Amino acid sequence: MKENAFQKLEPNVNGNTNLRVPQREGYDAIAAHFASPEAEREVAVVLPVGCGKSGLMTIAPFAVKGQRVLLIAPGTRIAGQLHSKDFNPNHEEFFYRKCKVLPEGTFPEVAEIRGERTNMGDLEAADVVITNIQQLQGTGNKWLAALPADFFDLILFDE
């Protein structure tokens, strides 16, 4: 797997008052959990509504030094928000800039699985791939079957 932004960049999380307390605490809990080689691979982080789950999902890959992340949203609206707003450096609400998590310059590369508009080159170049659960279900799902088993080393599910 490739080295990427989640391994090279150091996010400004601890002590960052632009982040919500549950985001900072969630980041710390994820980092602490996966610091142990014996850590359970599947874990859940539960945050109440309005505490910044989307923001936590943008910083969580840094906590585990992820290589390529699959972020699965429950529907197209949230997947679209994550892709076009939270992970998009051209958007005025770009999370890493708005919350001063990363300095200007290099940001994680993002791709989206949506219908037939995705190509393999985009997925291979991406640090994070965003989709909604419907794109991965059923017999028409060509994406997961076409990817190597270790293509993603971190999978995050939004509620």
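Values below: all heavy atoms of this structure, side chains included; hydrogens, waters and symmetry mates excluded. A quick note: this is a predicted structure, and the numbers were derived from the prediction, not measured.
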Which atom pairs, donor and acceptor, lie under 3.5 Å between side-chain atoms of residues 35-62 and protein residues at least two apart or in another chain?
unit_1	atom_1	unit_2	atom_2	d
Ser36	OG	Glu38	N	3.2
Ser36	OG	Glu38	OE1	3.3
Lys53	NZ	Glu159	OE2	2.9
Thr58	OG1	Gly55	O	2.6

Would you sort out whether Glu10 and Lys65 count as a salt bridge (Lys or Arg N to Asp or Glu O under 4.0 Å), showing the intermediate values? CA-CA 10 Å; Glu10 191 61 43; Lys65 303 291 185 204; 3.7 Å; yes
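- Around the NZ atom of Lys100, the shell of radius 6.0 Å holds no more than 12 heavy atoms that belong to other residues, nucleotides or ligands.
- Asp86 meets the side-chain hydrogen bond (donor to acceptor under 3.5 Å, both in side chains) test with Gln81; sequence neighbours excluded.
- Nearest heavy-atom pair, Cys99 versus Leu19, reported as atom, atom and distance to 0.1 Å: CB-CD2, 3.9 Å.
- Atom CG in Asn88 sits 9.5 Å away from atom CD1 in Ile130 (nearest 0.5 Å).
- Between Leu154 and Leu70, every side-chain heavy-atom pair lies at or beyond the 4.5 Å cut-off.
- Judged by distance alone, the side chain of Arg97 and the main-chain N or O of Pro89 form a donor-acceptor pair under 3.5 Å.
- Cluster annotation: Val64 and Phe151 are assigned to distinct hydrophobic clusters (Ile/Leu/Val/Met/Phe/Trp/Tyr, side-chain heavy-atom contacts under 4.5 Å, transitive).
- Between Gln135 atom CD and Ile72 atom CD1 the span is 11.5 Å, to the nearest 0.5 Å.
- Sorted pairs that involve residues 18-59 and meet ring-ring contact (aromatic ring centres under 6.0 Å, His included), not counting sequence neighbours, are lacking altogether.
- In terms of heavy-atom proximity, Glu124 sits nearest to Arg68 at O-NH2, 3.0 Å.
- Among pairs with a residue in residues 15-25, none fulfils salt bridge (Lys or Arg N to Asp or Glu O under 4.0 Å), at least two apart in sequence or across chains.
- A side-chain donor-acceptor contact under 3.5 Å links Asp127 to the backbone of Glu109.
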For the pair Phe152 and Leu147, evaluate side-chain contact (heavy atoms from CB on, under 4.5 Å) and give the outcome as yes or no after the intermediate values. CA-CA 9 Å; Phe152 299 106; Leu147 299 173; 3.6 Å; yes
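- Atom OG1 of Thr106 and atom NZ of Lys8 lie 6.5 Å apart (nearest 0.5 Å).
- Residues satisfying the side-chain hydrogen bond (donor to acceptor under 3.5 Å, both in side chains) test with Asn16, not counting sequence neighbours, are Asn18.
- Here the CD atom belonging to Glu93 is positioned 4.5 Å from the NZ atom belonging to Lys98, to the nearest 0.5 angstrom.
- Looking only at side-chain heavy atoms (C-beta outward), Leu102 and Asn12 stay at 4.5 Å or farther from each other.
- The CD1 atom of Ile133 lies 5.5 Å from the CZ atom of Phe157; values are rounded to the nearest 0.5 Å.
- By the 30° and 60° cut-offs, the orientation of the rings of Phe87 relative to Tyr96 is perpendicular.
- Nearest heavy atom pair, residue Ile113 against residue Leu123, reads CG1-CD2, 3.9 Å.
- Linking ILVMFWY side-chain heavy atoms closer than 4.5 Å, directly or via other members, places Leu82 and Val110 in a single hydrophobic cluster.
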I'd like to know whether Phe6 forms a side-chain contact (heavy atoms from CB on, under 4.5 Å) with Val69, so could you lay out the CA-CA distance, the side-chain angles of the two residues, the decisive distance to 0.1 Å, and finally the verdict. CA-CA 9 Å; Phe6 300 123; Val69 179; 3.8 Å; yes
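- Every side-chain contact (heavy atoms from CB on, under 4.5 Å) that Pro74 has, sequence neighbours left out, goes to Ile78, Asp158.
- In the hydrophobic cluster analysis, where Ile, Leu, Val, Met, Phe, Trp and Tyr join through side-chain heavy atoms closer than 4.5 angstrom, Ile155 is grouped apart from Val128.
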